[in-house]
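Read through the structure below, which is laid out as structure tokens, and then see the notes.
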Amino acid sequence: MFIIKLLVALVLALALAIYIVNLNIKSKVPAITDATSAPYKNAKFHNTSPRQPMAFTDTAALWVRFFTEKKVDTTPNITIPVRKMNRADLEALSNDTLHLVKLGHSSILLKVYGEYWLIDPVFSDRASPFQFAGPKRFHQPPISLEALPPIDKVLISHNHYDHLDKASIQVLLAKTQQFLVPKGVDGDLVDWGVEANKIITFDWWQELQTSQGLVAFTQTQHFSGRGMGDGNATLWGAWVIKTPQESIFFSGDSGYFQGFKETGDKYGPFDLTLIETGAYDADWADIHMKPEESVQAHIDLKGKVMMPIHNGTFDLAFHTWHDPFDRVVVESERRNVTLSTPEFGQIFSINTLPPLTPWWKSE
């Protein structure tokens, strides 16, 4: 009898611990009462093409894969080239064009006619709610958050841990003027200490005219969630940035769908598309693109040059770490698409994009 009581107590204690941890990490979503362009029903956002729910057996099989399938070459056996930079390097850049730096994974630093913008800044060691477990960085960022100059805008595509990093936001909140986020994501930012008047929430197809040009939030085919019970409670999407002279597209995360062509027809052509190319698998093909689909998305968007992102920093799938690069190069050559593959920390301008350079094959 004592053993049974002890086991019951342990189970209850474990359940309570999980409940408390989940309360801390799940999204703090404000009430969404106004109409939205994105399908919204029963307090959940939905894709325009509804996803086929996974059967319980399929979900169980996927979890079995995660715990039992042997991963091969999913982490680099080379030193990832990272070009260190500092604030002086950024301040030396001209204020008469758009400059870019790929910081890691999908994190991008822009200097937009003198203003510094960050997209999906993730500077933590792990893309996880915990820094003792979860996908660990292959390399450090080329600059620390503390060394960055004051930031005019932070743009967030959705609330997954490899795109919305609590620790990074808490450092940035004191040096950032505006946070541009999907509907519902403002709840977490306020909970983390960001002043509400610094936050602008976006619906699909919503636009903001800034001193440097147009920013628009467009649809993708994905999902959201940071804990148990908050799935799809906040919106997800992509960013369009159009200055008087240049136009870029940042995909966020997405499966391939008709929406890329709609965005291309409405806002294209784009001088540069930053397209998700990584973390794909047949078991979640509707929410992450294969490299061949990423190239097709670039074509649909009427892009001139494509830069593959969402790769080279975290192990988030079963494919090899270099497979996204290898496959996107082959497909881009087949489709006559111009690729730009800068090293992390390499500073360049929209008018002088780096050529295709296979740094992932370096020794």
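FYI, the numbering just counts along the sequence from 1.
- Between the side chain of His310 and the backbone N or O of Gly278 there is at least one donor-acceptor pair closer than 3.5 Å.
- The shortest side-chain heavy-atom distance between Tyr280 and Met289 does not fall under the 4.5 Å cut-off.
- Ring orientation note: the planes of His222 and His288 are nearly perpendicular, at an angle over 60° on the 30°/60° scale.
- Contact annotation: the side chain of Leu145 approaches that of Ser168 to within less than 4.5 Å [non-hydrogen atoms, C-beta and beyond].
- Annotation: side chain of Trp117 is in contact with side chain of Asp152 (closest heavy-atom distance under 4.5 Å).
- Proximity of a side-chain donor or acceptor of Thr243 to a complementary backbone N or O of Gln245 within less than 3.5 Å is detected.
- Between His139 and Phe344, the two ring planes are parallel [angle under 30°; tilted spans 30° to 60°].
- Side chain of His158 to main chain of Phe223: no donor-acceptor pair is present (N/O by atom type, distance under 3.5 Å, no hydrogens or angles).
- Using a 4.0 Å cut-off between a side-chain N of Lys or Arg and a carboxylate O of Asp or Glu, Asp188 and Lys166 do not qualify as a salt bridge.
- Donor-acceptor pairing under 3.5 Å is lacking for the side chains of Asp120 and Ser106.
- Lys28 has no carboxylate O lying under 4.0 Å from a charged side-chain N of Asp230, or vice versa, which leaves the two without a salt bridge.
- Under the 4.5 Å side-chain criterion, counting only non-hydrogen atoms from C-beta, Trp321 is not in contact with Thr313.
- Within 6.0 Å of CG on Asn336 lie no more than 12 heavy atoms contributed by other residues, nucleotides or ligands.
- For the 3.5 Å distance criterion, the side chains of Thr210 and Gln178 fail to qualify, holding no donor opposite an acceptor.
- Residues Leu235 and Phe202 fail the side-chain proximity criterion, which asks for heavy atoms closer than 4.5 Å.
- Within 6.0 Å of the NZ atom in Lys198, the count of heavy atoms belonging to other residues, nucleotides or ligands exceeds 12.
- More than 12 heavy atoms of other residues, nucleotides or ligands lie within 6.0 Å of NZ in Lys111, so this atom counts as buried by the packing criterion.
- In this structure a side-chain-to-backbone donor-acceptor pair under 3.5 Å is present from Ser107 to Val122.
- For an aromatic pair to be called close, the ring centres must be under 6.0 Å apart, and Phe217 with Trp239 satisfies this.
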